[in-house]
Amino acid sequence: MKKDKVLEAFQKLGKVLMAPVLILPIAGILVGVGSAFSNPNLIKLAPFLGSSFFTYFFTIMKEAGNVVNNHIPVIFAISIAYGFAKAEKGTAALSGFLGYMTMNTVMGTFLTLRGTITPDELPNRSKRHIGRYYVGYRCFWGDFNWSFS
């Protein structure tokens, strides 16, 4: 009986994670096509691709795909909350989003107050992203002090 519950839980997890994973190939195609046709080397071979229409079209296509790529953690947070909710799925999805953003903001504020990291070190200087970057950095590099000089 216990084995069936474990299998059922993993099947539910697989279904929940399927939605965000299905979005990734579409985003990849948009970014790939947009990047390929706005490549300077290709524009030299086919100069008509350098016209403003094609430049706008392929740049917009690339940026549309990057919306998904830049927000993968949010998409997963919403999908997991939505998929595991038994009722009021919209409320669960909103709660998943707010929980994710609150976690990043609180971690960013805490790390800023401790002096571990400053918003000036980020491209957009936003505290809500500091936590995500710092945790990713610590998970990848650990507590090692790597020197690349």
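The aromatic rings of Phe58 and Phe37 sit parallel to each other, their planes meeting at less than 30°, with 60° as the upper class boundary.
Cluster annotation: Ile23 and Ile26 are assigned to distinct hydrophobic clusters (Ile/Leu/Val/Met/Phe/Trp/Tyr, side-chain heavy-atom contacts under 4.5 Å, transitive). If you chain together hydrophobic residues whose side chains sit under 4.5 Å apart, Tyr56 and Leu49 never meet in one group. Each of Val67 and Ile60 belongs to its own hydrophobic cluster when Ile, Leu, Val, Met, Phe, Trp and Tyr are linked at side-chain heavy-atom distances under 4.5 angstrom. Linking Ile, Leu, Val, Met, Phe, Trp and Tyr whenever their side-chain heavy atoms come within less than 4.5 Å puts Met103 and Ile78 in one cluster.
In this structure, Ile80 and Leu17 have side chains that are in contact, with non-hydrogen atoms separated by less than 4.5 Å. Leu24 has its side chain within reach of Ile72: a pair of non-hydrogen atoms, C-beta onward, lies under 4.5 Å apart. Within the 4.5 Å cutoff, no side-chain heavy atoms of Pro47 are placed close to those of Ile43. Annotation: side chain of Leu30 is not in contact with side chain of Lys62 (no heavy-atom distance under 4.5 Å). In this structure, Phe76 and Val21 have side chains that are in contact, with non-hydrogen atoms separated by less than 4.5 Å.
Taking NZ from Lys15 and CZ from Phe84, the interatomic distance works out to 11.0 Å, rounded to the nearest 0.5 Å. Here Gln11 contributes atom CD and Asp4 contributes atom CG; the two are 9.5 Å apart, rounded to the nearest 0.5 Å. Remark: Asn66 CG to Ser35 OG distance equals 7.0 Å, nearest 0.5 Å. Between the CD1 atom in Ile29 and the CE atom in Met61 there is a gap of 10.5 Å [rounded to 0.5 Å]. Interatomic distance, Phe97 CZ to Ile75 CD1, rounded to the nearest 0.5 Å: 11.5 Å. Rounding to the nearest 0.5 angstrom, the gap separating the CG atom in Asn69 from the CD atom in Glu63 is 10.5 Å.
Checking side-chain atoms of Lys89 against main-chain N and O of Tyr82 turns up a donor-acceptor pair under 3.5 Å. Of the possible polar contacts, one joining the Ser51 side chain to the Phe48 backbone as a donor-acceptor pair under 3.5 Å is found.
Hydrophobic side-chain contacts under 4.5 Å tie Leu22 into a cluster, directly or through other members, with Met18. Clustering of Ile, Leu, Val, Met, Phe, Trp and Tyr side chains at separations under 4.5 Å leaves Leu45 isolated, with no partner residue.
When every heavy atom of Gly96 is checked against every heavy atom of Ala77, the shortest pair comes out as O-CB, 3.8 Å. When all heavy atoms of Ala27 and Val68 are compared, the closest pair comes out as CB-CB, 3.6 Å. Smallest separation of non-hydrogen atoms from Gly34 and Ser38: O-OG, 2.7 Å.
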